[in-house]
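A quick write-up on the structure given underneath.
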Amino acid sequence: MPETHAHGVGRQRAVWSLRRLCQLAVLAVLVFVPWLSRNPHAWAPSRIALGQMPQPTLVPVSGDTWAFELFDFRLVHPLAFVENWLAAKTLYLPMLSAALLPLAMTMLLGRVFCSWLCPVGLFLEWNERLGQWLARRTGWQGRRLASTLPDMRYAFLALCLALAFFFAMPVVSLFDPPHALGRELMYGFTHGEVSRLGVGLLIGIVLLDLVLVRRAWCRLFCPSGGALGLLGRWRVWRIAMTAERCTHCQACDAACPYALMPMSLLDDGRRFDWTTCDNCGRCRDVCPTGALGYRFGGQR
Ligand code: SF4
Ligand code: SF4
């Protein structure tokens with residue numbers, strides 16, 4: 001049965017709401033964990049008062065998007081595992097097992113961390129209107145400048161991993177924006193101060209967005225986004241086109257935050273940059289005819 005327009009819009013809205021909910025939930029966790037560390041008595045106060053719980057296990061949840069722990073359940077960013085492996089020159093099996101779920105998610109669903117979970121991505125989406133307003137007011141065409149810059153994500157990633165290996169220290173994590181946000185929130189709540197590097201990185205990312213182009217950091221520099229893009233290149237869940245429904249209105253091309261031209265899926269999708277597409281579905285959300293949708297398998 002053909003899908004009515006209202007039904008299609010309802011489905012689009014539902015996916016958008018779900019994505020936003022996921023982003024907000026991660027942001028809430030990033031705030032909640034430091035807050036709980038600062039206020040451990042908010043967790044099981046009676047047991048603490050009775051002295052039944054030693055200090056290190058007071059709070060059952062810790063970490064952020066780089067490494068997260070809830071009771072005995074652990075999740076680790078795949079790149080955190082790789083970096084730790086290279087820096088320590090030892091394969092730490094518990095870390096590998098904690099990285100398996102995020103790794104499988106990325107390989108099956110693509111770089112969805114960036115669009116469905118990353119709180120910095122959420123801030124950058126909110127920042128878009130300001131960028132558009134500034135471009136209108138000033139006439140500044142930052143995207144022209146951005147188009148002259150090479151994609152440095154993989155070179156930056158390789159450099160960070162090489163430094164981690166030779167200096168036996170974490171380097172990529174310093175430049176992972178959601179981890180920087182989580183780290184600064186933790187410092188802020190527990191020590192009442194923040195680091196210049198973390199705050200500078202976050203402010204710099206927002207400014208890059210304003211003076212260059214939408215998602216400039218994600219498109220050109222982000223080592224962890226680059227790594228997730230490579231891992232998710234052969235995803236099975238992807239954005240796909242039903243060519244007969246497309247009216248060539250180009251709304252999807254304007255909506256894509258990475259300027260990936262989803263209309264190129266009208267061909268066979270071979271020219272499409274699957275390492276950068278993060279399955280955000282914003283092209284799908286704006287398509288008035290339902291020509292774009294998520295699909296398992298299909299076009300490449
Ligand atoms: S092509 Fe669509 S799903 Fe992929 S990044 Fe662009 S807007 Fe998001
Ligand atoms: S928004 Fe939909 S109808 Fe318009 S060009 Fe893109 S796929 Fe075609």
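Starting from 1, each residue takes its place in the sequence as its number. In each ligand, atom 1 is the first atom listed, and ligand 1 is the first ligand listed. Because the structure is predicted, anything quoted here is derived from the model rather than measured.
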Q. With a 3.5 Å cut-off and no angle check, do the side chains of R153 and T276 form a donor-acceptor pair?
A. yes
Q) When rounded to the nearest 0.5 angstrom, what distance separates CZ in F221 from CG in L212? A) 6.5 Å
Q.
At less than 4.0 angstrom from any non-hydrogen atom of A291, what atoms of ligand 2 do you find?
A. 7 (S)
(Q) A quick test of your reading: do over 12 heavy atoms of other residues, nucleotides or ligands sit less than 6.0 Å from CH2 of W85? (A) no
Q) Under 6.0 Å from the CE atom of M95, do we count more than 12 heavy atoms belonging to anything else shown? A) yes
Q | From the candidates W274, F272, Y258, the one that places a heavy atom nearest atom 1 (S) of ligand 1 | A | F272
**Q.** Numbered atoms and elements of ligand 1 in range of G281, under 4.0 angstrom, heavy atoms
**A.** 3 (S), 8 (Fe)
**Q.** Close-contact set for ligand 2 against L292 heavy atoms, below 4.0 Å
**A.** 7 (S)
Q) Does C252 bring an N, O or S atom to under 2.8 Å of atom 6 (Fe) of ligand 2? A) yes
**Q.** Atoms in ligand 2 with a heavy atom of M263 nearer than 4.0 Å
**A.** 5 (S)
Q. Near Q250, which atoms of ligand 2 are under 4.0 Å from a heavy atom of that residue?
A. 4 (Fe), 5 (S)
Q | Flag if over 12 foreign heavy atoms under 6.0 Å of CE, M152 | A | yes
Q. Any heavy atom of A255 sitting closer than 4.0 Å to ligand 1?
A. no
Q. Does any N, O or S atom of C280, backbone or side chain, fall under 2.8 Å from atom 2 (Fe) of ligand 1?
A. no
Q) What protein heavy atom sits nearest atom 2 (Fe) of ligand 1, and how far off is it? A) C283 SG, 2.4 Å
**Q.** Per-atom contacts, ligand 2 versus T289 - under 4.0 Å to a heavy atom
**A.** 3 (S)
(Q) Taking 4.0 angstrom as the limit and counting only heavy atoms of M241, give me the atoms of ligand 2 inside it, by number and element. (A) 7 (S)
Q: Around atom 6 (Fe) of ligand 1, find the nearest protein heavy atom and jot down its residue, atom name and distance.
A: C256 SG, 2.4 Å
(Q) According to a hydrophobic-cluster definition based on side-chain heavy atoms being under 4.5 Å apart (Ile, Leu, Val, Met, Phe, Trp, Tyr only), do L21 and V112 belong together? (A) no
Q: Measure the distance from atom 8 (Fe) of ligand 2 to every protein heavy atom, then report the residue, atom name and distance (to 0.1 Å) of the closest one.
A: C246 SG, 2.3 Å
Q: Just jot down the ligand 1 atoms closer than 4.0 angstrom to any heavy atom of P262, in number order.
A: 1 (S)
(Q) At less than 4.0 angstrom from any non-hydrogen atom of C249, what atoms of ligand 2 do you find? (A) 1 (S), 3 (S), 4 (Fe), 5 (S)
(Q) If you count every heavy atom of other residues, nucleotides or ligands that lies below 6.0 Å from F156 atom CZ, does the total exceed 12? (A) yes
Q: Give me the ring orientation class for Y294 and W237: parallel if the planes are under 30° apart, tilted from 30 to 60°, perpendicular past 60°.
A: parallel
Q.
I need the Q23 CD to C114 SG distance, nearest 0.5 Å.
A. 11.0 Å
Q) Numbering the atoms of ligand 1 from 1, which are under 4.0 Å from a heavy atom of P257? A) 7 (S)
**Q.** Shortest non-hydrogen separation from P223 to L79 and the atoms involved
**A.** O-CD2, 4.0 Å
(Q) Against the six-membered ring of Y258, is R111 placed for a cation-pi contact (under 6.0 Å from the centre, within 45° of the normal)? (A) yes
**Q.** Atom indices of ligand 2 within 4.0 angstrom of T247 heavy atoms, with elements
**A.** 3 (S), 8 (Fe)
Q.
Does atom OH (Y92) have a neighbourhood of more than 12 heavy atoms from anything else shown, all under 6.0 Å?
A. no
Q | C277 backbone or side-chain N/O/S under 2.8 Å from atom 4 (Fe) of ligand 1 | A | yes
